[in-house]
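The structure under discussion appears below in the form of structure tokens.
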Amino acid sequence: SDTHSVAFGGAHEGTTAMAAAASASATAFGAGSPGGRGKARGAPPVPLSQQRSRTRSGSSSKPRAQTRGVHTSTLHSGSITQQNIFGSGKHVTLQISTSRINRNLGLSYTNPYYTVDGVSRGFDIYSRKVDASTLTIGPYTTDAVGGGIKFGYPISEQDSLLFGVNVEHVKLGIFSTSPQQYIDFVDQFGSTYSYTSGTAGWRRDTRDSAILPTQGARTSAGVELAGGKLNYYKLSFGTRWYHPLTDTYTLSTGLNLGYAGGLSGKPLPFFKNYYAGGPDSVRGYSAYSLGPRDSLNNALGGTREITGSVE
């Protein structure tokens, strides 16, 4: 069928794409949320003597060429993290990454013990540029700057509530070869947008390790509402479960669901669509290649997602 993708869950023309959310200019909900797994209310801060033992870390990488659709791109990335700045226990992270597709610069600050109850507070500022013309999706570019504030509220050792507000300014660029839907969107709503989005969610983490888990699960659910020049909503749910098979092998299963749409009579911006395909989504397919396509065979993404994996 020309309206369905042969993949776990399928995809439907105009409304659904098998997807891992590939928003071009918005932070994925929950990414970098303060508070980590959270601590019980009233939990004391980590002693400074312990904090200083893990004061500073940094990394820089230059992987070999990585496949993105039918093109290759070398990724340069680096980060510097100060986990106990000025002996206060607060975290500061500077992240830089650049490739043929993305150029990102971000600064994040988190106070994991903003209150004595273990409530965390953080701030983010960033600049992100995306050039999708080298991908298998319809070509466009975005140049976004923004910032926000986020809170994490622990309700148990394993559960946290997450809240955030973000302000962003986006410049959108399209090409003569862009899908007609993209051109119509710019004709109707312009190419420059300033908007505010609010997020709320829940996260539960029972894994035995955040780096190499062998048992437990990590589950999250959230909602994002945006208003201003862009008006939309996004609902998300994700879970990954781990079970040890032997001392060497672990079974991992995952599920991601998403649903999005426009508000106030406006459509969902196409660069907020869900996409699928690639090693982090549906393996065996090129990145962002699954789902409905236009007459030039460009992937368009969609407003719904469902992906699953067993490893």
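Position 1 is the first residue of the sequence, and the numbers go up from there.
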| field | Beyond-backbone contact of His91 with Pro112, side-chain heavy atoms, under 4.5 angstrom | value | yes
| query | Same cluster for Tyr249 and Leu212 if Ile/Leu/Val/Met/Phe/Trp/Tyr side chains link at under 4.5 Å? | reply | no
- Query: With a cut-off of 6.0 Å (strictly less than), are more than 12 heavy atoms of other residues, nucleotides or ligands near CG of Asp247?
  - Reply: no
Cluster check Val92, Leu105: I/L/V/M/F/W/Y, side chain < 4.5 angstrom
yes
task: Decide yes or no on side chain to side chain contact (heavy atoms under 4.5 Å, CB included) for Leu162 and Trp202, but give the supporting numbers first.
output: CA-CA 6 Å; Leu162 310 170; Trp202 161 79; over 6 Å; no
The side chain to side chain contact (heavy atoms under 4.5 Å, CB included) partners of Leu268 (sequence neighbours excluded) come to Tyr232, Ala260, Lys272, Asn273, Thr303
Do Ile125 and Leu94 share a hydrophobic cluster (ILVMFWY, side-chain heavy atoms under 4.5 Å, transitive)? yes
* Asked: Should Gln188 and Val186 count as side-chain neighbours, where that means a heavy-atom distance under 4.5 Å?
  -> no
Quiz item: Would you say the side-chain atoms of Asn297 pair up with the backbone N or O of Asp294, donor to acceptor, closer than 3.5 Å?
Solution: no
So CG of Leu257 and CD of Glu305: to nearest 0.5 Å the spacing works out to 7.0 Å
Checklist entry - Are the side chains of Val170 and Glu168 in touch, meaning some heavy atoms are under 4.5 Å apart? => result yes
In terms of hydrophobic clusters joined by side-chain contacts under 4.5 Å, are Val167 and Leu225 together? no
Is there a side chain to side chain contact (heavy atoms under 4.5 Å, CB included) between Ser133 and Phe175? Walk through the geometry before answering. CA-CA 9 Å; Ser133 62; Phe175 301 85; 4.0 Å; yes
Considering only heavy atoms from C-beta outward, does the side chain of Tyr140 approach that of Phe185 to under 4.5 Å? no
Rounded to the nearest 0.5 angstrom, the CG-CZ distance for Leu300 and Arg293 is 9.0 Å
task: Please answer whether the main-chain N or O of Lys229 pairs with a side-chain N or O of Lys266 as donor and acceptor at a distance below 3.5 Å.
output: yes
Check: Does the Ser178 side chain pair with the main chain of Pro139, one donor and one acceptor, at a distance under 3.5 Å?
Finding: yes
Q. Are Val165 and Val145 co-members of a hydrophobic cluster defined by side-chain heavy atoms under 4.5 Å apart?
A. no
Open item on the list: Between Phe270 and Tyr182 (judged by ring centroids, cut-off 6.0 Å), do the two rings come close enough to count as a pair?
Closed with: yes
Quick one: does NZ or CZ of Lys234 land under 6.0 Å from the six-membered ring centre of Tyr274, within 45 degrees of the ring axis?
yes
Closest non-hydrogen atoms of Ser281 and Gly277, given as atom of the first, atom of the second and distance, are OG-N, 3.1 Å
Problem - Side-chain ion pair, Lys150 and Asp124, N-O less than 4.0 Å - result: yes
d(Ser97 OG, Asn102 CG) to nearest 0.5 Å is 6.5 Å
| request: Spell out, as yes or no, whether a donor-acceptor pair under 3.5 Å connects the side chain of Ser220 to the backbone of Thr239. | output: no
Distance col, row Phe189:CZ vs Leu230:CG, nearest 0.5 angstrom, shows 9.5 Å
So OG of Ser191 and NZ of Lys171: to nearest 0.5 Å the spacing works out to 9.0 Å
Exercise for review: Please step through side chain to side chain contact (heavy atoms under 4.5 Å, CB included) for the pair Leu161 and Ile155, ending with a clear verdict.
Suggested key: CA-CA 7 Å; Leu161 298 178; Ile155 54 180; 4.1 Å; yes
In His243, Arg240, Glu311, the residue satisfying side-chain hydrogen bond (donor to acceptor under 3.5 Å, both in side chains) with Ser252 is Arg240
| field | side chain to side chain contact (heavy atoms under 4.5 Å, CB included) between Tyr195 and Asn231, worked out | value | CA-CA 8 Å; Tyr195 69 100; Asn231 294 269; over 6 Å; no
Minimal heavy-atom distance between Pro292 and Gly301, with the atoms involved, is CG-O, 3.4 Å
Closest heavy-atom pair, Lys129 versus Asn104, reported as atoms and distance to 0.1 Å, is N-OD1, 4.2 Å
Q) Would you say Thr93 and Tyr109 make side-chain contact, with heavy atoms under 4.5 Å? A) no
**Study point:** pair Thr250-Leu245: side-chain heavy atoms closer than 4.5 Å
**Key:** no
Review point. Would you say the side-chain atoms of Ser286 pair up with the backbone N or O of Ser289, donor to acceptor, closer than 3.5 Å?
Key: no
Handout entry: Within-4.5 Å side-chain heavy-atom neighbours: Tyr275 and Ile137
Key = yes
Quiz item: Should Thr214 and Tyr242 count as side-chain neighbours, where that means a heavy-atom distance under 4.5 Å?
Solution: no
In this structure, OH of Tyr259 is separated from OH of Tyr233 (nearest 0.5 Å) by 4.5 Å
